[in-house]
Asker: 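First the structure, which I've put down as structure tokens, then a few questions once you've had a look.
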Amino acid sequence: MDLEKFSPLPRNIREPASLALGGVIRERRVQHGWSLTQLAARSRLSRQMLSFIETHRRIPTIDTVARISRAFGIPFSKLVAEAEGRLS
């Protein structure tokens with residue numbers, strides 16, 4: 001097995017999927033008419049963390065994406081699929 005293809009990206013390079021996910025989260029939040037503070041309260045995440053995700057300064061964990069999707073009332077897979085759809 002070629003382990004080099006599984007090595008992590010350098011810190012200053014973001015995975016395109018993470019960039020797309022941040023955009024999807026921001027767009028859904030705006031469509032709901034929510035501020036970052038409102039999404040933070042609904043997802044039980046910090047406003048700062050959500051801001052970092054939306055501006056591509058942090059890559060969200062699976063738990064974080066699950067909390068955000070629950071706040072939007074959609075399945076985790078749908079939120080991820082929306083981001084994935086932007087990659088093609």
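This is a predicted model, so every value here is computed, not measured. Throughout, numbering of the chain's residues begins at 1 and tracks the sequence. We use all heavy atoms of the structure for the numbers below, so side chains are in, but hydrogens, waters and symmetry mates are not.
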Asker: Which heavy atom in Phe72 sits nearest to a heavy atom in Ile25, and how many Å separate them?
Answerer: CZ-O, 3.7 Å

Asker: Answer with yes or no whether the hydrophobic clustering places Val65 together with Phe52; edges join I, L, V, M, F, W, Y residues whose side-chain heavy atoms lie under 4.5 Å apart.
Answerer: no

Asker: Out of curiosity, does Phe76 fall in the hydrophobic cluster containing Ile53 (side-chain heavy atoms, cut-off under 4.5 Å, transitive links)?
Answerer: yes

Asker: For His56 versus Ser18, what's the shortest heavy-atom pair and its separation?
Answerer: ND1-O, 4.3 Å

Asker: Donor-acceptor pair, distance only, cut-off 3.5 Å: does the side chain of Gln38 make one with the backbone of Ser35?
Answerer: yes

Asker: Where is the tightest heavy-atom contact between Arg47 and Ala40, given as atom of each residue plus distance?
Answerer: N-CB, 3.7 Å

Asker: Would you say CD of Glu82 has more than 12 non-hydrogen atoms from neighbouring residues, nucleotides or ligands within 6.0 angstrom?
Answerer: yes

Asker: Roughly how far, to the nearest 0.5 Å, is CG of Leu21 from OG1 of Thr64?
Answerer: 10.0 Å

Asker: After noting the C-alpha distance and the side-chain angles of Arg28 and Leu79, does the key distance pass the side-chain contact (heavy atoms from CB on, under 4.5 Å) rule?
Answerer: CA-CA 9 Å; Arg28 280 196 164 266; Leu79 193 61; 3.8 Å; yes

Asker: Any side-chain to backbone donor/acceptor pair from Arg29 onto Trp34? Under 3.5 Å, distance only.
Answerer: yes

Asker: Count I, L, V, M, F, W, Y as connected when their side-chain heavy atoms are under 4.5 Å apart, and connections chain through other members. Are Leu36 and Ile59 then in the same cluster?
Answerer: no

Asker: Between Arg44 and Arg67, is there a donor-acceptor pair closer than 3.5 Å when you use the side chain of the first and the backbone of the second?
Answerer: no

Asker: Hydrophobic cluster membership, with links at side-chain heavy-atom distances under 4.5 Å among I/L/V/M/F/W/Y: are Leu50 and Ile62 in one?
Answerer: yes

Asker: Distance from Gln31 atom CD to Arg26 atom CZ, nearest 0.5 Å?
Answerer: 11.0 Å

Asker: Look at the side-chain heavy atoms of Ile, Leu, Val, Met, Phe, Trp and Tyr, link any pair under 4.5 Å apart, and say whether Ile74 and Val30 land in one connected group.
Answerer: no

Asker: What pair of heavy atoms forms the shortest contact from Ala17 to Ala83, and how long is it?
Answerer: O-CB, 4.3 Å

Asker: Hey, what do you get for CZ (Arg57) to CD (Gln48), rounding to the nearest 0.5 Å?
Answerer: 8.0 Å

